[in-house]
Number of protein chains: 2
Amino acid sequence: MKALGEILAELSKGGFRITRARRSMIEVLLDSRLPLSAEGLIDALLGKKVPANKTTVYRELTFLKEMGIVQEIQFLHERVKRYEVVFGGHHHHLICMGCKRVEDVELEGELEKYEREIMNSRGFKVLNHTLEFMGLCEDCR
Amino acid sequence: MKALGEILAELSKGGFRITRARRSMIEVLLDSRLPLSAEGLIDALLGKKVPANKTTVYRELTFLKEMGIVQEIQFLHERVKRYEVVFGGHHHHLICMGCKRVEDVELEGELEKYEREIMNSRGFKVLNHTLEFMGLCEDCR
DNA sequence: TATATTAATGCAACTTAGTTGCATTAGTCA
DNA sequence: TGACTAATGCAACTAAGTTGCATTAATATA
């Protein structure tokens, strides 16, 4: 997980402008410990008195995705997409069906075994995967 | 994977009516070797000269989900939801980024190891999970 | 087989999430 | 400080799915 300054420097070096909306969006996403929807992001911005236009927010999210700064997540139990700042390591989510909170998990060893298996038995080359666990968190059990 | 007759008998026993739309939708879903979107389902029905109203199709999909006959799948690379008849065993998908085809995979041993790990380290009780692999199929590599 | 009951249907109008075109604004560099 | 153009914001649009309500038809019963 990078710091705000690092991200901004990287963008600046790439010839992109550091606007109020851009900076604030990255700040909000960095501060949120769970992935935000576009709507949630707009609310957070308005809460910080940062003008947040829907079009701008969606366009900026597309941009930040292309830059590899944020990633988009689609949870099965929701219609909307969520966004989070890309983490150092690839990780997954624990989604509590009680309180709807989302936590991150990193898994040891990952799914390489399965990916090899799939390659061998099907000739299918896995390039990426998504994995989400649904259940009940400690508080909701 | 159940046969059409079985499914219809089960519904009938439950006091639900066997209508043309209901029978045809289950038929189409059983025949499709990949999960269908609502739109794809409507097209398939029209192709069979079965009148297919959007509202009816969505309502029937909701019903079939509630009955545990079909399951809804959300792929990360798509906006729409897809539906498939529930299989005997829990399974996952291989999504080809080239030709967009979807194949099923069943994994040995599954993710129990991770689910135990998550329970032990976080106190989070996993009840369900989703796992999709994105990559290139044999033909597209 | 006819009839009553109500599950299922279908239209139209709506909602939600996200997108597009285009004129305007504001970062950045010289 | 000004020129350049990336980024913005409005309004209008699209796609996917939903809702209310009057109508139709599957089934049980007489």
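In the text below, chain A, chain B and the rest are named by the order of the sequence lines, each starting its count at 1. Every heavy atom of this structure was used, including side-chain atoms; hydrogens, water molecules and symmetry mates were not. Model, not experiment: these values are computed from the prediction.
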ask   = Rounded to the nearest Å, what distance is computed from the CG atom of residue Leu64(B) to the C1' atom of nucleotide dT9(C)?
value = 15 Å
ask   = Whole Å only: how far is the CD atom of Glu78(B) from the C1' atom of dA16(D)?
value = 13 Å
Within 6.0 angstrom of Glu39(B) CD, more than 12 heavy atoms from elsewhere = no
remark   = Asp43(A) atom CG is separated from dT16(C) atom P, nearest whole Å, by 14 Å
request  = Among Leu34(A), Leu131(A), Val102(A), find the residue that satisfies the side-chain contact (heavy atoms from CB on, under 4.5 Å) test when tested with His93(A).
outcome  = Val102(A)
ask   = Between Glu138(B) and Arg122(A), is the closest basic N to carboxylate O distance under 4.0 Å?
value = no
Base of dG9(D) paired with side chain of Lys54(A) (donor-acceptor, under 3.5 Å) = no
task = Please state how far atom CD in Glu39(B) lies from atom P in dT14(D), giving the value in whole angstrom units.
result = 15 Å
message = side-chain contact (heavy atoms from CB on, under 4.5 Å), that's the test. Do Leu107(A) and Leu111(B) meet it? Break it down for me.
response = CA-CA 11 Å; Leu107(A) 300 179; Leu111(B) 305 170; over 6 Å; no
remark   = When Val50(A), Leu45(A), Val85(A) are each screened for side-chain contact (heavy atoms from CB on, under 4.5 Å) with Val28(A), the one that passes is Leu45(A)
Close approaches to DNA chain C from residues 8-25 of chain B, in residue order (heavy atom, under 4.0 Å) = Phe16(B), Arg17(B), Thr19(B), Ala21(B), Arg22(B)
Members of residues 55-63 of chain A that approach DNA chain D, where some heavy atom sits under 4.0 Å away = Thr55(A), Thr56(A), Arg59(A), Glu60(A)
query = Reckon Lys81(B) touches a base, only the sugar-phosphate, or nothing at all at heavy-atom distances under 4.0 Å?
reply = sugar-phosphate
request  = Starting at CG of Leu136(A), measure out to CD1 of Ile95(A) and round the result to the nearest 0.5 Å.
outcome  = 12.5 Å
Euclidean distance, atom CE of residue Met67(A) to atom P of dA6(D) [Å, nearest integer] = 14 Å
query = Would you say the ring centroid of Phe16(A) lies under 6.0 angstrom from that of Phe63(A)?
reply = yes
key: Euclidean distance, atom CD of residue Glu66(B) to atom P of dA8(C) [Å, nearest integer]   = 11 Å
ask   = Counting heavy atoms not belonging to Lys81(B), are there more than 12 under 6.0 Å from its NZ?
value = yes
key: Same cluster (ILVMFWY, side-chain, under 4.5 Å), Val57(A) and Leu4(A)   = yes
task = Specify the residue among Asn53(B) and Ala38(A) whose closest nucleotide of DNA chain C lies further upstream toward the 5′ end.
result = Asn53(B)
